[in-house]
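In what follows, a single structure is set out as structure tokens and then discussed.
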Amino acid sequence: MNFIINIQQNMKKIYLFLAAIASLVGCSPKNDARGAVNHEKCLVVYYSQTGATAKVAQEISRQTGIDTLRIEAEYPYNGNFNETIARCQKEMADSILPKLATFDKDIAAYDTIFFGYPIWFGTYAPPVASLIKSGALDGKVIIPFCTFGSGGLEASVAHLKEAVKEAKVLDGYGVRNARVDKSKDEIKEFLIGCGFVEGKIAERPDFSEQHPIGDEEKAIFAKACGDYPMPIGTPVSACKRTMGDTTEYLFTVNSKSMDGSTASAKVYITVAKDEQPEFTRVVR
Ligand SMILES: Cc1cc2nc3c(=O)[nH]c(=O)nc-3n(C[C@H](O)[C@H](O)[C@H](O)COP(=O)(O)O)c2cc1C
């Protein structure tokens, strides 16, 4: 009899030990976690109107093996830029969020969501707001990614943190639509950073001290931002850092915020050897 009780007690200890291990090998990556991710419990969920965010979603899926789910509005936003702006403005004035078309995966079955969207009006696009409002993302680990004309990662992540209940929202990744086709290496670093892919992130030196800009930096800023259809602002100071053949500039600009008031913004510009300067993002 004692022998059977001993076996039962030992089984219980083994069970508790295995349960403890299982709880460690869950799907809850931290920004600095490595490995130990159960990809079966992860899903790439995204909205994309014109395909830029879809490309990033597919690349995340290709590099991690995680399935994707594309969400769509029941009445899709398939007009051109101006028509989409007009429709959104009307919906915002009427406090309407779009209904979503049905989708074929049960988000409740996943713990961790790579969550992708285009930036519209400085934040995530309305179909994303609809999904958030449905509660489907509540309590999950959310890893945001977005594409934009000029910027919006930081503001949209701050909005996600406020809007998704009891979720853990990581810092995320954002890329200009004009640079999506060159973003594979950046996406890899992003995935390494959140623990989904093995590898090393390149070390980056600190930026130099900010200083008032001179003529050479004015010219770099003009080359990088001059063709952008919206005003980006007037550069006042800059600092930089060099990594191999590439120099990254961080300009401080005087600009206007969404409500028209004067604001300061940060503009990141990269200058690679033998290439035209490109701005990579604006942080407002
Ligand atoms: C209605 C609308 C509003 C937009 N608002 C912004 C914005 O505030 N800031 C920005 O940088 N880009 C803005 N964009 C540009 C999109 O974020 C950009 O084109 C994005 O890469 C599109 O992604 P998609 O191809 O996945 O739809 C806007 C585009 C649309 C259609």
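Treat the numbers as computed from the prediction; the structure is a model and nothing was measured. Every number for a ligand or one of its atoms is a count from 1 in the order of the listing.
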To which protein heavy atom is [atom] closest, and what is the distance rounded to 0.1 Å?
{"atom": "atom 11 (O) of ligand 1", "answer": "Ser150 N, 2.7 Å"}
{"atom": "atom 5 (N) of ligand 1", "answer": "Phe121 N, 3.0 Å"}
{"atom": "atom 3 (C) of ligand 1", "answer": "Trp120 CA, 3.5 Å"}
{"atom": "atom 22 (C) of ligand 1", "answer": "Pro118 CB, 3.6 Å"}
{"atom": "atom 20 (C) of ligand 1", "answer": "Thr147 OG1, 3.3 Å"}

Hey, is the main chain of Ser150 close enough, under 3.5 Å, to the side chain of Arg176 for a donor-acceptor pair? no

Between His159 (side chain only) and Tyr124 (backbone N and O only), is there a donor and an acceptor less than 3.5 Å apart? no

Answer yes or no for Gly151: is there a heavy-atom contact with ligand 1 below 4.0 Å? yes

Provide the closest heavy-atom pair for Ile71 versus Tyr47 in the form atom of the first, atom of the second, distance. O-CD1, 3.4 Å

Quick one about Thr84 and Gln49 (side-chain donor to acceptor, distance below 3.5 Å, no hydrogens or angles considered), yes or no? yes

Please determine if [X] has a nitrogen or oxygen closer than 3.5 Å to a nitrogen or oxygen of ligand 1.
{"X": "Gly122", "value": "yes"}
{"X": "Phe81", "value": "no"}
{"X": "Tyr228", "value": "no"}
{"X": "Asn177", "value": "yes"}

May I ask you to establish whether Arg281 and Phe148 are in a cation-pi arrangement, using a distance under 6.0 Å from NZ or CZ to the six-membered ring centre and at most 45° from the ring axis? no

Note, Met92 side chain near Phe121 side chain (heavy atom, < 4.5 Å): yes

Please compare Ala54, Gly149, Ala57 and report which has the shortest non-hydrogen distance to atom 10 (C) of ligand 1. Gly149

Select the closest option to atom 17 (O) of ligand 1 among Ile119, Thr50, Val56, judged by heavy-atom distance.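 Of the listed residues, Ile119 has the closest heavy atom.
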
Look at the aromatic rings of Phe115 and Tyr117 and report parallel, tilted or perpendicular, splitting at 30° and 60°.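 Rings of Phe115 and Tyr117: perpendicular, over 60°.
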
For Phe145 and Phe190, I'd like to know if the aromatic rings sit close, meaning centre-to-centre distance below 6.0 Å.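 No; Phe190 has its ring centre 6.0 Å or more from that of Phe145.
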
